[in-house]
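Right, one structure below, let's go through it.
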Protein chains: 2
Amino acid sequence: MGTTQLEPVPEPKYWHLRNLLGQALDTEFSVGEVLPNERDLAARFGVARATLRQALEQLELEGRLQRRRGVGTTVAPPRVGVAVGTRRHDWPGTADDVWQPADCVLAAPPAAVADALGTGRDEPVHTVRRSRGTHGLPVAAELLYIAPSSVPDLTAIDAPSGAARARAVLRELQRGELEGQESAVELGSAGAEDAKELDRLPGAPVLVVTTRYLAGGRTAALSVATYRADTCRLTFGDSGDVEIHHGPQTRAS
Amino acid sequence: MGTTQLEPVPEPKYWHLRNLLGQALDTEFSVGEVLPNERDLAARFGVARATLRQALEQLELEGRLQRRRGVGTTVAPPRVGVAVGTRRHDWPGTADDVWQPADCVLAAPPAAVADALGTGRDEPVHTVRRSRGTHGLPVAAELLYIAPSSVPDLTAIDAPSGAARARAVLRELQRGELEGQESAVELGSAGAEDAKELDRLPGAPVLVVTTRYLAGGRTAALSVATYRADTCRLTFGDSGDVEIHHGPQTRAS
DNA sequence: CAGTGGTCTAGACCACAGG
DNA sequence: CTGTGGTCTAGACCACTGA
């Protein structure tokens with residue numbers, strides 16, 4: 001039964017290293033503390049720097065480490081819970097200070113978005129760019145597509161674009177009746193534009209939340225929001241937060 | 001796809017390569033098709049194999065490629081939408097053929113789980129292991145923790161463990177009244193055990209869905225499910241599917 | 001068996017942060 | 001400037017698949 005034995009096929013070094021480091025993080029380091037640099041760590045474990053980096057990459061993906069070029073590797077705080085899809089049947093921006101509108105233009109959206117909105121492929125829609133922060137740190141960037149028919153009374157706005165116009169469009173959108181919404185979450189990587197806004201490098205892992213807002217029997221608006229996967233835990237549900245932090249790696253070797 | 005040019009832009013090579021390959025996937029390849037092997041591709045683009053691999057890694061993370069050792073790299077089908085958190089206020093396994101119970105034991109859970117369930121840290125709970133598949137492929141592995149008090153009438157079961165017992169526990173659980181549920185989604189990496197079950201290598205990216213089931217004013221059960229991040233799109237919401245496949249990379253360079 | 005992707009090495013140089 | 005992480009190279013060998 002429970003015998004410890006040498007594996008006939010040893011597990012990869014980077015994986016073993018990840019487990020060792022993860023254990024060390026639990027016992028010997030506290031949040032915010034800086035680790036030794038990669039070259040020292042690699043030497044200490046007797047592996048090449050690339051191998052050590054592969055282990056650090058894993059831990060960063062799991063939200064346990066934070067690496068910044070020119071600075072160093074630090075122990076990351078627990079992921080922040082970010083409410084997504086609570087307050088069901090609420091239009092975006094209803095009681096919001098978390099989202100900060102940045103811009104709004106009238107432009108033709110990607111074809112897939114146009115199809116979902118039921119607008120023509122070359123028909124311009126309101127495109128709102130917003131960003132979301134928590135504790136002063138950026139966590140999400142969003143692109144909100146709103147069919148013109150959903151915000152009919154957009155008369156008194158003279159600004160053709162900019163944050164002021166974004167706020168006006170959102171205000172107008174909230175006058176409509178929202179019937180439902182549905183979301184999907186998938187893994188993606190930050191494009192150059194989002195990466196800059198999220199203070200990450202291009203290709204950084206993000207959780208892409210696509211939400212469709214239903215009103216008047218059709219899709220009235222559509223949001224594509226990208227959340228930093230390293231720092232965020234997205235919460236859905238009927239009530240408050242889910243506080244289990246069982247750790248993002250599920251069952252170790 | 002026969003190009004060889006890589007201008008000296010400040011953009012990292014692997015990122016540029018990712019964009020080139022992604023574009024090629026859209027225009028010159030169809031789902032299931034196998035790409036040239038990594039050594040050939042690297043030579044064709046005039047980069048080291050490691051650099052080429054970094055680009056492929058990105059595309060695999062975004063669900064556009066599938067790589068299998070000993071076989072090759074193929075163009076992945078679009079991600080499958082997996083319903084999570086629909087049919088609100090339903091116990092797990094209510095009308096399920098998607099989840100397949102594998103085992104059930106009575107054991108002390110991790111400390112964080114015991115705290116959430118409100119049981120003592122050394123108090124054993126029912127621990128059900130299930131797996132979920134779609135189109136014959138495994139997509140998720142779950143660990144379900146159920147407080148013994150939530151399934152009081154577990155008398156007629158003689159099996160101390162196994163799939164039969166798992167089914168019995170789930171059946172008993174559904175006799176209770178579920179008041180609500182809340183979920184959280186975060187990025188993690190598959191442990192050795194999950195990796196095998198999901199047919200991936202250890203460290204593979206997974207979406208970890210933690211769900212708390214509320215009944216009788218407290219947490220009656222708790223689920224930690226890990227979904228393959230490369231093949232799954234998790235859907236939440238009031239109604240059907242969200243079909244936008246805007247592509248997991250949000251806005252390219 | 002031959003061919004594939006997965007792991008690993010030991011270097012090099014670059015981009016950036018901070019003093 | 002020094003020190004950090006980020007990128008990149010050109011190899012090597014291993015583990016696995018399928019013929």
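Source: prediction; values computed, not measured. Below, each value reflects all heavy atoms present in this structure, side chains not excepted, and no hydrogens, waters or symmetry copies. Residue numbers start from 1 in every chain, and the chains themselves are labelled A, B, ... in the order their sequence lines are given, proteins ahead of strands.
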Between atom [atom1] in [X] and atom [atom2] in [N], what is the gap in whole Å?
X	N	atom1	atom2	value
A:E38	D:dG6	CD	C1'	8 Å
B:L56	C:dT4	CG	C1'	13 Å
B:Y14	C:dC14	OH	P	18 Å
A:K196	C:dC16	NZ	P	12 Å
A:L65	D:dT4	CG	P	16 Å
B:L201	D:dA15	CG	P	13 Å
B:R68	D:dC16	CZ	P	15 Å
A:R18	C:dT7	CZ	P	14 Å

Contact under 4.0 Å: [X] side-chain N or O vs [N] OP1/OP2:
X	N	value
B:K13	D:dG6	no
A:T73	D:dG5	yes
B:T51	D:dT7	no

Position toward the 5' end of DNA chain C (nearest nucleotide), A:V71 or A:A48: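 Of the two residues, A:A48 wins.
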Residue whose closest nucleotide on DNA chain C lies nearer the 5' end, B:P202 versus A:G70: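 By nearest-heavy-atom nucleotide position, the 5'-most residue is B:P202.
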Residue among A:E57, A:Q58, A:E62, A:Q23 satisfying side chain to side chain donor-acceptor pair (under 3.5 Å) with A:R18: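 The side chain to side chain donor-acceptor pair (under 3.5 Å) with A:R18 is passed solely by A:E62 among A:E57, A:Q58, A:E62, A:Q23.
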B:V82 backbone acceptor or donor facing B:T235 side chain under 3.5 Å: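 Answer holds: yes.
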N/O donor-acceptor pair under 3.5 Å between B:N19 side chain and B:W15 backbone: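 Answer holds: yes.
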Parallel, tilted or perpendicular: rings of A:F236 and B:F236 (30°, 60°):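 Geometry flag for A:F236 against B:F236: parallel rings.
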Nucleotide nearest B:R69 when distance is taken to its side chain, options D:dC16, C:dT9, C:dC8: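 For the B:R69 side chain, the nearest candidate turns out to be D:dC16.
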Per A:N37 side chain, nearest of listed nucleotides D:dT9, D:dT4, C:dG5: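 Of all the options, the side chain of A:N37 is nearest to D:dT4.
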Show each protein N/O and nucleotides 11-13 of chain C N/O combination with a separation under 3.5 Å, one pair to a line.
| unit_1 | atom_1 | unit_2 | atom_2 | d |
| --- | --- | --- | --- | --- |
| C:dA12 | N6 | A:R49 | NH1 | 3.4 |

Salt-bridge criterion met for B:R53 and B:E38 (N-O under 4.0 Å):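 Yes.
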Side-chain ion pair, A:R68 and A:D199, N-O less than 4.0 Å: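 No salt bridge links A:R68 with A:D199.
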Passing candidate, salt bridge (charged side-chain N to carboxylate O under 4.0 Å, His left out) with A:D194, options A:R228, A:R129, A:R200: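 Of all the options given, the one that passes is A:R129.
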